[in-house]
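Values in this document were obtained by computation on a predicted structure and should not be read as measured data.
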Amino acid sequence: MNLEGVEKTMLLTLFAKAKHSQQKNHKFYDSKAIEVISKVDYDFSIAEKDKFMQMGTVARTIVLDKMVGDYINAHPECTIVNIASGMDTRFNRLDNGKVNWYNVDLENSTKYRLKFIEDTDRVKTLAYSAMDSGWAQEIAIRNDVLFIVEGLTMYLNQNDVESIINIIDANFDRCTIFMEIMPPVSVKNTKEESIEDTDSKFVWGVEKG
C-alpha cells in the first residue's frame, strides 16, 4: 500500500488542514485530520515549509466547506459523492446526522484511507478511478445528489475531465457539481515544493468557468 506520485498529495492536504486547525485563529477545526496525521508515517518536513500548498489547501477548504454546508442545510437528506477523495475529512466537519456520503478513489488510495478513516453506516468508500463509470452504479440515489471534485482536475487532461462529467450526466438525472479547476496561468506558474517532491505536477486548467 505504498503511495506513489499524486496519491501522496492526499497526505499533504490533510497535513495542511491539521496544522491550520491547531492555530489560534483557525477558520475551521478538523479533529480527524489532527488524529490521522499523528498516526501517519510520512516525512512532512517539506510540507511544513511549503506555505503556498498550505494556503491553497486552507483557502479551498474554507470556500468548499461553506458551499457544501449551505447545500446540506438546503438538502438535509442529500447524497454526497466525493470524487478522488483521498484522505478528505469533510464529512467529519459537516455531518448533520442525515446525509449519505460516498468517497471515490483509486484502489491503493482507498486501502490507505481505510487504515486510518473507517467507513460508517452513512459513509462508504468505493475503489474506482474517477473515469471508471462503475462507481456510479454503486450510488444509492436518495433525493438530491451533490458531487465534489476537489484537488483532482489539475492533474488530469481535458478528456479525463470530460469523462467524469459525462459519467455523471449519464447516470444522474438531477445533481449539483462543485469542481475545483485551475486557470492555465496557475497551472503554469504555481510552485508548491511539497507537491513537486511527490513527482506530481499540474498539467491542465481552463481560462473561464
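- Checking Thr125 against Asp119 by side-chain atom types alone, a donor-acceptor pair falls below 3.5 Å.
- Between Met131 and Leu156, some side-chain heavy-atom pair lies under the 4.5 Å cut-off.
- Within the 4.5 Å cutoff, no side-chain heavy atoms of Glu150 are placed close to those of Met179.
- Distance CD1/Ile117 to OH/Tyr112: 10.0 Å, rounded to 0.5 Å.
- Annotation: Gln23, atom CD; neighbour count of heavy atoms from other residues, nucleotides and ligands within 6.0 Å is above 12.
- Residue pairs that meet the ring pair (Phe, Tyr, Trp, His ring centres under 6.0 Å) test with at least one member in residues 152-172, sequence neighbours left out, are Phe147-Phe172, Tyr155-Phe202.
- The two residues Val58 and Ala16 come nearest to each other via the heavy atoms CG2-O, 4.3 Å.
- Scanning both residues, Lys49 and Gln54, for their nearest heavy atoms gives N-NE2, 4.3 Å.
- Within 6.0 Å of CG in Asp173 there are 12 or fewer heavy atoms belonging to other residues, nucleotides or ligands.
- Minimum interatomic distance between Asp105 and Ala84 (heavy atoms only, all atoms of both residues): OD2-C, 3.6 Å.
- The minimum heavy-atom distance between Glu193 and Asp50, with the atom names listed, is N-OD2, 3.0 Å.
- One finds no salt bridge joining Lys17 and Asp65 here, because no Lys/Arg side-chain nitrogen approaches an Asp/Glu carboxylate oxygen to under 4.0 Å.
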Please test Gln137 against Asn171 for side-chain hydrogen bond (donor to acceptor under 3.5 Å, both in side chains), starting from the C-alpha separation and ending with a verdict. CA-CA 8 Å; Gln137 308 305 315; Asn171 290 277; 2.9 Å; yes
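- A distance of 10.5 Å separates CD in Gln158 from OG in Ser163, rounded to the nearest 0.5 Å.
- Here the side chain of Asp132 pairs no donor or acceptor atom with the backbone of Tyr128 at under 3.5 angstrom.
- Looking at heavy atoms from C-beta onward, Ile168 lies out of side-chain contact with Val145 at the 4.5 angstrom threshold.
- Judged purely by atom type and a 3.5 angstrom limit, Glu107 has no side-chain atom pairing as donor or acceptor with the backbone of Ala127.
- Under a hydrophobic-cluster definition in which Ile, Leu, Val, Met, Phe, Trp and Tyr are linked whenever side-chain heavy atoms come within less than 4.5 Å, directly or via other members, Met55 and Phe15 are assigned to different clusters.
- The closest donor-acceptor contact from the side chain of Gln22 to the backbone of Ala18 lies under 3.5 Å.
- Between Thr57 and Thr61, the closest side-chain pair of non-hydrogen atoms falls below 4.5 Å.
- Using a 4.5 Å cut-off on side-chain heavy atoms (C-beta onward), Thr198 and Leu12 make contact.
- Judged by the 6.0 Å and 45° rule, Arg93 forms a cation-pi pair with Phe28.
- Looking only at distances, a side-chain donor or acceptor of Asn166 sits under 3.5 Å from a matching main-chain atom of Glu162.
- Met67 belongs to a hydrophobic cluster whose other members, connected by ILVMFWY side-chain contacts under 4.5 Å either directly or through intermediates, are Val63, Leu64, Val68, Tyr71, Ile72, Ile80, Phe91, Leu94, Val99, Trp101, Val123, Leu146, Ile148, Phe178.
- Atoms OG1 and CG, from Thr110 and Asn103 in turn, are 10.0 Å apart once rounded to the nearest 0.5 Å.
- Annotation: side chain of Thr176 is not in contact with side chain of Asp144 (no heavy-atom distance under 4.5 Å).
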I would like to know whether Asn157 and Val203 meet side-chain contact (heavy atoms from CB on, under 4.5 Å); could you show each step before the answer? CA-CA 7 Å; Asn157 58 49; Val203 296; 5.7 Å; no
Verdict with supporting geometry, Thr153 and Val149, side-chain contact (heavy atoms from CB on, under 4.5 Å): CA-CA 8 Å; Thr153 63; Val149 187; 4.1 Å; yes
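- Ser129 and Leu106 make their closest contact through CA-CD2, 3.7 Å (heavy atoms, listed as atom of the first residue, atom of the second, distance).
- Between the side chains of Asp30 and Thr89, at least one donor N or O lies within less than 3.5 Å of an accepting N or O.
- Atom OG in Ser200 sits 11.5 Å away from atom CE in Met154 (nearest 0.5 Å).
- With values rounded to the nearest 0.5 angstrom, Leu14 atom CG is found 9.5 Å from Arg113 atom CZ.
- Using a 4.5 Å heavy-atom cutoff, the side chains of Glu207 and Pro184 are in contact.
- The distance from the CE atom of Met87 to the CG atom of Leu114 is 9.0 Å, given to the nearest 0.5 Å.
- Under a hydrophobic-cluster definition in which Ile, Leu, Val, Met, Phe, Trp and Tyr are linked whenever side-chain heavy atoms come within less than 4.5 Å, directly or via other members, Met53 and Tyr42 are assigned to the same cluster.
- Comment: Asp95 engages Arg122 in a salt bridge, judged by a side-chain N to carboxylate O separation of less than 4.0 angstrom.
- When all heavy atoms are compared, the tightest approach of Glu138 to Tyr102 is O-CE2, 3.6 Å.
- Within the 4.5 Å cutoff, the side chain of Trp204 has no heavy atoms near those of the Met182 side chain.
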Check step by step if side-chain contact (heavy atoms from CB on, under 4.5 Å) holds for Leu11 and Phe44. CA-CA 9 Å; Leu11 295 179; Phe44 289 105; 4.1 Å; yes
